[in-house]
Number of protein chains: 2
Amino acid sequence: MRSHINSSSPLAHEVLAAVLQVRYATLRVLLWRRALDPHLGRWSLPGGRLRPDEDVETSIRRQLAEKVDIRQLKHVEQLAVFSAPDRVPGPRVVATAFLGLVPSDVDPEVPEDTAWHEVDNLPRTAFDHREIVLKARDRLRSKLSYTNVGFALAPHEFTISALREIYSAALGYKVDATNLQRVLSRRGLLEPTGHTAPSGRGGGRPAALFSFGCEGIRVTDPFAVFRPPPSRR
Amino acid sequence: MRSHINSSSPLAHEVLAAVLQVRYATLRVLLWRRALDPHLGRWSLPGGRLRPDEDVETSIRRQLAEKVDIRQLKHVEQLAVFSAPDRVPGPRVVATAFLGLVPSDVDPEVPEDTAWHEVDNLPRTAFDHREIVLKARDRLRSKLSYTNVGFALAPHEFTISALREIYSAALGYKVDATNLQRVLSRRGLLEPTGHTAPSGRGGGRPAALFSFGCEGIRVTDPFAVFRPPPSRR
DNA sequence: ACAAAAGTGTTTCCCGTACACCCATGT
DNA sequence: ACATGGGTGTACGGGAAACACTTTTGT
């Protein structure tokens with residue numbers, strides 16, 4: 001029988017975040033170099049202990065504020081719990097992992113011991129952090145296709161080809177600019193701003209600038225199959 | 001600076017599971033009546049404290065074994081962490097919630113204080129358990145369309161119309177038997193067993209029996225859009 | 001014969017893709 | 001003029017939904 005009075009086996013709880021950004025046509029993650037002994041010098045995810053008065057999301061936002069300007073974090077979502085008893089040496093720590101997204105146009109001031117790393121070319125990481133990063137990448141990849149998360153990776157204003165670079169880098173393969181525009185337009189996500197970007201060195205037609213109308217994640221393609229019957233009016 | 005030595009603010013961690021089953025054309029969840037004081041008498045999710053030597057999935061499987069035959073649990077997956085500081089009265093408890101699925105043909109012996117309840121007509125529940133159940137339901141609904149989770153709700157052998165009842169109950173609206181068969185066949189999930197079911201009281205053609213070939217969850221419709229280019233050979 | 005339930009065929013629609021073609025600008 | 005990159009139009013294919021039609025049983 002379980003009881004809420006019998007408080008057996010308390011343990012520590014940490015929150016970690018894989019903060020992702022697309023830059024230089026690559027998907028990157030924010031890591032910091034450990035300054036303490038277990039796995040000293042290895043790269044690890046930002047985060048830390050859960051405090052008594054905060055829930056996990058509040059906690060990760062607070063802790064990330066030390067690394068990046070919190071307003072630049074356009075999206076945060078729970079990833080999974082990592083709880084293998086030996087996932088860190090010493091006393092047991094259960095971790096709640098998050099996925100965070102930062103638009104590609106911001107270059108946040110990060111502390112000295114912190115740096116961006118290519119997700120597809122990770123350095124040696126501490127503990128199970130590599131696994132967490134890869135899970136974050138996979139989550140992002142699937143959500144790009146059926147939600148509007150793209151807004152959290154894109155600058156406020158962008159050309160279609162810039163957006164194409166972002167989607168391509170995140171997904172790991174080239175997407176067609178034409179169809180990207182068509183799909184996002186059909187879903188009502190793309191708003192023309194009226195502005196245009198100057199054409200590049202070799203000439204070329206100046207590109208129109210767009211922005212994502214909506215803030216906040218939304219499912220845009222909820223049911224691939226077994227759709228509910230269209231609501232009669 | 002975070003440290004793995006400075007073990008500040010330990011707390012308790014519990015694991016909970018929303019175990020779902022379709023029966024009598026309704027989606028049901030396994031709840032048990034609390035015998036202890038905080039929220040005594042209210043219905044709550046099975047689960048309990050995480051032990052020092054187990055990860056969360058091992059823990060929930062162990063604890064569910066007290067309620068249902070573990071072999072009947074066809075699918076288990078993490079749902080989310082619930083961590084509001086005041087989610088339970090008294091000392092703080094963080095919960096990792098799971099979704100569990102049981103096929104519709106098993107009628108497990110459940111302890112006396114345990115019973116199935118309609119998900120769409122829940123009784124008063126303890127703590128935040130209602131929220132957890134609804135989240136489990138929503139997760140199941142979306143996964144039915146792009147994965148093969150259906151296998152975890154269906155009996156080993158079934159007719160298409162029986163399967164239709166299951167999908168309809170889980171999704172909350174009628175699905176077309178014809179298209180259900182076509183979609184699942186196209187995805188290579190349905191295997192004809194060769195057997196047929198006897199026809200009902202009013203006659204009617206006897207139905208062919210099918211089974212899901214695969215055990216274990218698989219994504220069957222990975223990318224709605226932005227598909228990777230077909231791999232050249 | 002008739003009703004009932006299962007299964008099949010056909011049609012339609014929509015979405016995503018591929019690709020050819022047109023447009024605007026710099027040199 | 002011509003190269004360069006942006007944008008549009010069109011045609012194709014596939015998957016899913018809707019629904020009529022056929023098949024097989026019981027009464």
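Values below: every heavy atom of this structure, side chains too, minus hydrogens, waters and symmetry copies.
Look at CG on B/Leu163: it is 12 Å from P on C/dG7, rounded to the nearest Å. Between A/Leu180 atom CG and C/dC15 atom C1' there is a gap of 15 Å when expressed in whole angstrom units. Between the CZ atom of B/Phe158 and the P atom of C/dA5 there is a distance of 21 Å, given to the nearest Å. Atom CZ in B/Arg227 sits about 13 Å away from atom P in C/dC15, given to the nearest Å. Counting to the nearest Å, the C1' atom of C/dA18 and the OH atom of A/Tyr173 are 16 Å from each other. In this entry the distance linking CG of B/Asp221 with C1' of C/dG16 reads 13 Å, nearest Å. C/dG16 atom P lies 12 Å from atom OH of A/Tyr167, rounded to whole Å.
Closest heavy-atom contact between B/Ala17 and B/Leu64: CB-CD1, 3.8 Å. Nearest approach of B/Pro46 to B/Ile60, heavy atoms of both residues: O-CD1, 4.3 Å. Closest heavy-atom contact between B/Val22 and B/Ser104: O-CB, 2.9 Å.
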Identify all pairs in which a protein N or O lies below 3.5 Å from an N or O of nucleotides 3-7 of chain D, and state each distance.
{"residue": "D/dT4", "atom": "O4'", "partner": "A/Gly202", "partner atom": "O", "Å": "3.3"}
{"residue": "D/dT4", "atom": "O2", "partner": "A/Gly204", "partner atom": "N", "Å": "3.0"}
{"residue": "D/dG5", "atom": "N2", "partner": "A/Arg205", "partner atom": "N", "Å": "3.3"}
{"residue": "D/dG5", "atom": "N3", "partner": "A/Arg205", "partner atom": "N", "Å": "3.4"}
{"residue": "D/dG6", "atom": "OP1", "partner": "A/Ser161", "partner atom": "OG", "Å": "2.8"}
{"residue": "D/dG6", "atom": "O4'", "partner": "A/Arg205", "partner atom": "O", "Å": "3.3"}
{"residue": "D/dG6", "atom": "N2", "partner": "A/Arg205", "partner atom": "NH1", "Å": "3.2"}
{"residue": "D/dG7", "atom": "OP1", "partner": "A/Ala208", "partner atom": "N", "Å": "2.6"}

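For the helix from C/dA1-D/dT27 to C/dT27-D/dA1, the terminal axes (five pairs an end, C1' atoms, rotation from four pairs onto the next four) enclose an angle of 20°, given to 10 degrees.
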What donor-acceptor contacts under 3.5 angstrom involve side-chain atoms of residues 213-229 of chain A, with partners at least two apart or in another chain?
{"residue": "A/Thr220", "atom": "OG1", "partner": "A/Tyr146", "partner atom": "O", "Å": "3.2"}
{"residue": "A/Thr220", "atom": "OG1", "partner": "A/Arg187", "partner atom": "NH1", "Å": "3.2"}
{"residue": "A/Asp221", "atom": "OD2", "partner": "A/Arg187", "partner atom": "NH2", "Å": "3.4"}
{"residue": "A/Arg227", "atom": "NH1", "partner": "A/Phe223", "partner atom": "O", "Å": "3.4"}
{"residue": "A/Arg227", "atom": "NH1", "partner": "A/Ala224", "partner atom": "O", "Å": "3.0"}

Any chance you could lay out the salt bridge (charged side-chain N to carboxylate O under 4.0 Å, His left out) test for B/Glu165 and B/Lys174, step after step, and finish with the verdict? CA-CA 8 Å; B/Glu165 290 303 321; B/Lys174 289 285 177 202; 3.8 Å; yes

Using the salt bridge (charged side-chain N to carboxylate O under 4.0 Å, His left out) rule, take B/Asp55 and A/Arg87 through it: C-alpha gap first, then chi angles, then the decisive distance, then the call. CA-CA 10 Å; B/Asp55 63 26; A/Arg87 60 172 288 277; over 6 Å; no

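Across all strands, A/Arg182 comes closer than 4.0 Å to base atoms (heavy-atom distances).
Nearer to the 5' terminus of DNA chain D, by closest-nucleotide assignment, is the contact made by B/Arg187 (compared with the other of B/Asp176 and B/Arg187). Nucleotides of DNA chain C nearest to B/Val225 and B/Asn179 differ in position, and the one nearer the 5' end is that of B/Asn179.
Annotation: side chain of A/Arg42 is not in contact with side chain of A/His129 (no heavy-atom distance under 4.5 Å).
Looking at B/Arg124, its side chain never comes within 3.5 Å of a backbone N or O of B/Trp43 through a donor-acceptor pair.
Exactly one of B/Ile166, B/Val102, B/Asp107 qualifies for a side chain to side chain contact (heavy atoms under 4.5 Å, CB included) with B/Arg23. That residue is B/Asp107.
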